[in-house]
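Working notes, structure below.
Hydrogens, waters and symmetry mates play no part in the numbers below; they use all other heavy atoms, side chains included. Within every chain, numbering begins at 1; the chains are lettered A, B, ... in the order of the sequence lines, protein sequences first and strands thereafter. A quick note: this is a predicted structure, and the numbers were derived from the prediction, not measured.
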Amino acid sequence: MDCNKLAELLFPNITETPEELETRYPPRDLPEGAKVTRFAPSPTGFVHFGGLFPSMTGERLAHRSGGVFYLRIEDTDAKREVPGAAEGLIRTLARYGVRFDEGAVIGDDGRITDRGSYGPYRQSARASLYHVYAKKLVAEGKAYPVFTTDEELDRLNAADRKAELQSKIRTEEAAAAQREEMLSHRRFTLEEVEAHLRHGDPFVLRILSDGDGKKTVKATDLVRGTLEFPENDEDFVLLKSDGIPTYHFAHAVDDHLMRTTHVIRGEEWLPSLPKHLQLFRYLGFRPPKYMHIAQIMRIDENGNKKKLSKRDMGANMDDYTRMGYCPEAVCEYVMTLLNSNYEEWHMQNPDKPYTDFPFDIKKMAVSGCLFDFVKLNDVSKNVLSRMTAGQVFDGLTAWAAEFDPEFHEELTADPAYAMAILSIGRGGKKPRKDLAVWADAKPYMSFFYDRFFSVTDPIPDRFDKADIDAVLTAFLASYDEKDDAAVWFDKVKKIAASLGFAADMKEYKADPDAYKGSIADVSMFLRVAVTGKTNSPDLYTVMQLLGAARTTARIRAML
RNA sequence: GGCCCGGUGGUCAAGCGGCUAAGACACCGCCCUUUCACGGCGGUAACACGGGUUCGAUUCCCGUCCGGGUCACCA
C-alpha cells in the first residue's frame, strides 16, 4: 500500500508540514528549570472541588519556577459541551487565585479570546493542526482510516452497545472479539478508500499500534515513581468522524506544540499513559513529565469511598460561595491536602500567604483523601480570625449582599458600628474564632440589631423571677455608660453580693449552698436580657456598643 | 472480569531496616475564665492479614484481602 497516496487521499487540503509547525511554535525562551503547565478542562459544567487540585498544583509549579501557566479548553466533544461553561470556569478559578498567564481568557466583551502565541487555545479551533500530524502518521503507515456506514454508526449507538459500555466490564471474549474486529479494519485497499471518499462516507482515523499486550512499558510519574504497564495494543481512535481529535491525540499534539513541560492531571488518566507514550513516540515528540495526582474522595451511602463528583455536596465551588467560605480558606485547605508539610510550614510562618510556601512535588499524596468539612471549618476559622475587622466587613457584606439582603442592609447602614462589633476580640495573639463561614456571622452578632433581636435562649427556670428582677433593677439603678470595664464589673459584683449571690467564683464553688447563685448567674441574667442568649462576647463591650439607651431598654423589657 | 494505583488512629498524615510509631483536625477530661470563643495541660485511638528476606521489619519481596481507578468516535 502506498501510504503517501493514502495520506493525500484522506487529507488533500493539508499542505503544512510538521516542520513548519515546529518553527511556528518554537521552544519557549524560559530560564532553566522553569515549568510550563496547563489546566485543560472540558467545558461541560462548573469547576468542582476536585478540579481545584490539579489547577492549583499547576499554577504553583509554574509560578514558583518562573514558568508559564496556561488554560486550554478541551472542547472536542460538542455533544457534551455546556454553553457558557468555559467562562464560568475561568471566573471561578480566578476567585481562587488560579490565574493564567496565557491561553483562553475572557475578553472585554465577556467572550473567550486567546492570549499568547501558542494558540489557538480551544481545541475546536485547532483542527488543521491535528490534521497535519494525522497526515504524517498516515503517510508513515502509523495510522489508518476506518470507514463507517450509517448502519454501523447506528450499531454504535444501539442500546445494547450502550449497556455494554455502562456495565464497565470487558470480558475476555468481548476483548478478543473486539481485537478481531479491529484487525479486520486494517485490511483495506486504496480503491476501497477512494470509493468511500467518493461516496462521502465519514471515517475515523485509528493508530496502527505496534504494541504487544504481553510486554510491558515503564513510565515515570513524578508523584508515583516508576510504573509498569502492558504495552498498548489497541488501535485507538485518533480522529473522530467529524475530524476532531480524541483526548489522546489532542493531548500529544497540543502539549508538544504548546511546549508543556509538566502534565498534571487526575490519576484516572494513569491507565491510558501507555497510549500517550506510544503516540509521542510515533510523532517523534519528547514526552512531558507526568504528574498524576490523587482524587478527592467522599463517603457514599454504603460507607464506601467514591471519587468526589459533580453532583456531590461540596463539589460545586459555587456551593462554597453560597455557604460563605472565603476563597483564601478554601485555598489553604487545598494546600494542606496537596502538600503534607504545608500545615507545619504555615504554623512557622503564620503571616505569610500560601503563595510563599515552597511547594514540593515530593510531598504530594499518592492516595486519595477524604473531603473533610470539619477540617475545612477549622482552617477557615483560623483564616478569618487573622483578618482585620475591615477585611471581615468587606467579605461579609459582599456575601450578604447576595445571600442575606436584610442583614446586608443593616450591616451597611452603619459600617462603623458593624466594624466595631467585628472588632471584638480581634487582633492580638489569641483572637476569637467565632466564624468559619460568613453565614455564621448573623447568629453570632444579630442581637446587635434591634431588627433581629429576640430572646432565643432564656434564663433557666431554676431561678426565681423575683431574684432576677432584683438583679436587673439594681443594675439599672447603678449603670453608668461612662464607667470603665473595671468599675462596671465591680458594680455587678456588689449587686451580686447584696442580693445573696457569690461575687467570687472560688468562694461560691467552696460552698454553693450558701448562695442563691454566683456572679456567673448574675452576669447571665444581664446577658440574656441584653443579647437574648446565655453566651456572647464580653458583656461590657456589648453594652458599650449597644449604648445606654438600648441596653437599659432591653433590661427593662425583661422585668 | 482484565489491567493499573493504593492500604499507618474516626479524618489528613510524618516515617523511608532498629523510634516509648511525630503532628494537625475531631473527641474526652482538667486549668484559665462572669458566659461563649481563645489559650494552656493531659487523655482515648493506628502500622489490613499471611508468608518470606534479615540479627531485626510499619519500612524490602511475594500472596491474600480490602478500597479506588480504568477498559468509548467522553474527557
Side-chain angles (χ1 to χ4, degrees), chain A residues 40-42 44 74-77 79-80 146 148 153 156-157 161-162 164-165 167-175 178 202-206 213 221 224 227-230 234 236-242 244-248 250-251 265-274 292 294-295 297 299 304-307 333 336-337 340-344 346-347 363 365-379 381 385 424-425 428-435 444 489 492-493 496 503-505 518-524 526-528 531 533-540:
Chain A
S42 62
T44 54
E74 310 228 321
D75 56 347
T76 54
D77 187 5
K79 289 189 291 295
R80 297 204 313 158
V146 176
T148 39
L153 233 30
L156 284 177
N157 294 322
R161 169 78 175 170
K162 282 251 156 60
E164 180 194 329
L165 295 174
S167 75
K168 297 274 179 195
I169 291 172
R170 193 193 189 197
T171 63
E172 219 148 301
E173 305 83 79
Q178 196 172 324
F203 67 92
V204 299
L205 193 73
R206 287 182 180 271
D221 178 279
R224 286 155 201 276
L227 270 17
E228 210 170 67
F229 298 92
E234 186 191 338
F236 61 93
V237 172
L238 263 20
L239 251 26
K240 296 182 268 188
S241 52
D242 57 3
I244 299 294
T246 56
Y247 172 87
H248 311 297
H251 156 52
R265 45 156 58 157
E267 63 181 342
E268 71 269 25
W269 288 108
L270 231 29
S272 41
L273 195 47
H292 291 90
Q295 300 279 350
M297 315 296 275
I299 295 285
N304 294 323
K305 279 191 183 182
K306 277 275 168 309
K307 168 174 145 186
Y333 176 56
T336 66
L337 295 179
S340 58
N341 56 333
Y342 176 76
E343 280 190 272
E344 192 188 342
H346 189 256
M347 273 189 275
K363 288 289 182 184
V366 181
S367 50
C369 64
L370 235 35
F371 180 85
D372 186 2
F373 263 112
V374 176
K375 180 75 178 182
L376 203 214
N377 283 342
D378 178 67
V379 171
K381 278 187 179 179
S385 77
I424 301 173
K429 277 199 129 36
K430 296 184 268 187
R432 296 184 65 94
K433 297 177 182 174
D434 301 288
L435 276 32
Y444 169 69
F489 194 49
V492 176
K493 278 183 177 172
D504 183 284
M505 284 307 284
S518 72
I519 182 76
D521 299 318
V522 169
S523 300
M524 185 259 288
L526 292 166
R527 175 169 284 110
V528 171
T531 70
K533 302 186 296 183
T534 52
N535 47 50
S536 76
D538 178 65
L539 233 203
Y540 172 76

*Sugar-phosphate, base or nothing in reach of A:D538, heavy atoms under 4.0 Å*: base

*How do A:N535 and A:D372 order along RNA chain B: which one's closest nucleotide is nearer the 5' end?*
A:D372

*B:G2 pairs with, by Watson-Crick or G-U criteria that keep both distances under 3.5 Å*: B:U70

*B:A37 C1' sits how many Å from A:I424 CD1, rounded?*
12 Å

*Looking at the side chain of A:W269, which of B:C73, B:C25, B:A75 is the nearest nucleotide?*
B:A75

*Span that lies between the C1' atom of B:G2 and that of B:A57, in whole angstrom*: 33 Å

*Of the nucleotides B:G6, B:A26, B:C74, which one has an atom closest to the side chain of A:S367?*
B:G6

*Pair assignment for B:G50, Watson-Crick or G-U wobble, requiring both distances under 3.5 Å*: B:C62

*Which nucleotide in the set B:U70, B:C5, B:G15 lies at the smallest distance from any side-chain heavy atom of A:E268?*
B:U70

*For atom CD of A:E74 and atom P of B:C73, their distance in whole Å*: 18 Å

*Is it true that atom NZ of A:K493 has more than 12 heavy atoms of other residues, nucleotides or ligands lying nearer than 6.0 Å?*
no

_Nearest listed nucleotide, side chain of A:R432, among B:C36, B:C25, B:C4_ = B:C36

_Gap in Å between the two C1' atoms, one belonging to B:C16 and one to B:U11, rounded_ = 23 Å

*With sugar-phosphate meaning primed atoms plus P, OP1 and OP2, does A:E228 contact a base, only sugar-phosphate, or nothing at under 4.0 Å between heavy atoms?*
sugar-phosphate

*Integer angstrom distance from the P of B:C25 to that of B:G42*: 14 Å

_Sub-4.5 Å side-chain heavy-atom contact between A:D372 and A:Y333_ = yes

*asked:* For the C1' atoms, the ones on B:C28 and on B:U44, what distance do you get once it is rounded to whole angstrom?
replied: 7 Å

*According to the interplanar angle, ranging from 0 to 90°, do the rings of A:F371 and A:F373 count as parallel (below 30°), tilted (30 to 60°) or perpendicular (above 60°)?*
perpendicular

*Which part of the nucleic acid, if any, lies within contact of A:K363, taking any heavy atom under 4.0 Å across all strands shown: a base, the sugar-phosphate backbone alone, or nothing?*
sugar-phosphate

*Sticking with atom C1', work out how far B:C55 lies from B:A13, rounded to a whole angstrom.*
32 Å

*Please tell me which of the listed nucleotides, B:U35, B:A75, B:A24, lies nearest to the side chain of A:K375?*
B:A24

*asked:* Please compare A:K381 and A:F229 by the position of their nearest nucleotide in RNA chain B and report the one closer to 5'.
replied: A:F229

*asked:* For the C1' atoms, the ones on B:A14 and on B:C73, what distance do you get once it is rounded to whole angstrom?
replied: 47 Å

*Considering only side-chain heavy atoms of A:S340, which listed nucleotide, B:A13, B:U35, B:A75, is closest?*
B:A13

*Would you check, one step at a time, whether the test salt bridge (charged side-chain N to carboxylate O under 4.0 Å, His left out) holds for A:E343 with A:K375?*
CA-CA 12 Å; A:E343 280 190 272; A:K375 180 75 178 182; 2.8 Å; yes

*asked:* Need one value for A:K307: base, sugar-phosphate or nothing, where a base atom within 4.0 Å counts as base even if backbone is also close, heavy atoms only.
replied: sugar-phosphate

*When you measure from the side chain of A:M347, which nucleotide among B:C4, B:A24, B:G6 comes out closest?*
B:A24

*So what does A:K533 touch, heavy atoms closer than 4.0 Å: a base, only the sugar-phosphate, or nothing?*
nothing

_Among B:C38, B:A13, B:C74, which nucleotide has an atom closest to any side-chain atom of A:T246?_
B:C74

_Side chains of A:L227 and A:H292 in contact at under 4.5 Å (non-hydrogen atoms)_ = no

*Looking for any heavy atom pair under 4.0 Å, which part of the strands does A:V374 touch: base, sugar-phosphate only, or nothing?*
sugar-phosphate

_Go through it in stages, so that I can follow the logic: the residues are A:S536 and A:R527, the test is side-chain hydrogen bond (donor to acceptor under 3.5 Å, both in side chains), and I'd like the CA-CA distance, side-chain angles, deciding distance and then a yes or no._
CA-CA 7 Å; A:S536 76; A:R527 175 169 284 110; 2.9 Å; yes

_Please report the distance, rounded to the nearest Å, between CG in A:N341 and C1' in B:C12._
13 Å

*Parallel, tilted or perpendicular for A:H248 and A:F236, by the 30°/60° rule?*
perpendicular

*Between B:A48 and B:C41, how far is it from one C1' atom to the other, in whole Å?*
35 Å

*Of all the choices, B:C5, B:A75, B:A14, which nucleotide is nearest to the side chain of A:R80 once you look at every atom?*
B:A75

*Go through A:T534 and A:V528 one step at a time and tell me if the side-chain contact (heavy atoms from CB on, under 4.5 Å) criterion holds.*
CA-CA 6 Å; A:T534 52; A:V528 171; 3.8 Å; yes

*Mind checking A:F236 for me? I need base, sugar-phosphate or nothing, with any heavy atom below 4.0 Å counting as a touch.*
nothing

*asked:* Taking atom types as they are modelled, would you say the side chain of A:S241 forms a donor-acceptor pair with the base of B:C73 within the 3.5 Å cutoff?
replied: yes

*Tell me what A:T44 touches on the nucleic acid: a base, only sugar-phosphate, or nothing, going by heavy atoms under 4.0 Å.*
nothing

_Inter-nucleotide C1' distance (B:C30, B:A21), Å rounded_ = 27 Å

*Just call it for A:A365: base, sugar-phosphate, or nothing, with non-hydrogen atoms closer than 4.0 Å on any strand.*
sugar-phosphate

_Per A:S42 side chain, nearest of listed nucleotides B:A75, B:A24, B:G6_ = B:A75

*Which part of the nucleic acid does A:R206 contact within heavy-atom distance under 4.0 Å: base, sugar-phosphate only, or nothing?*
sugar-phosphate

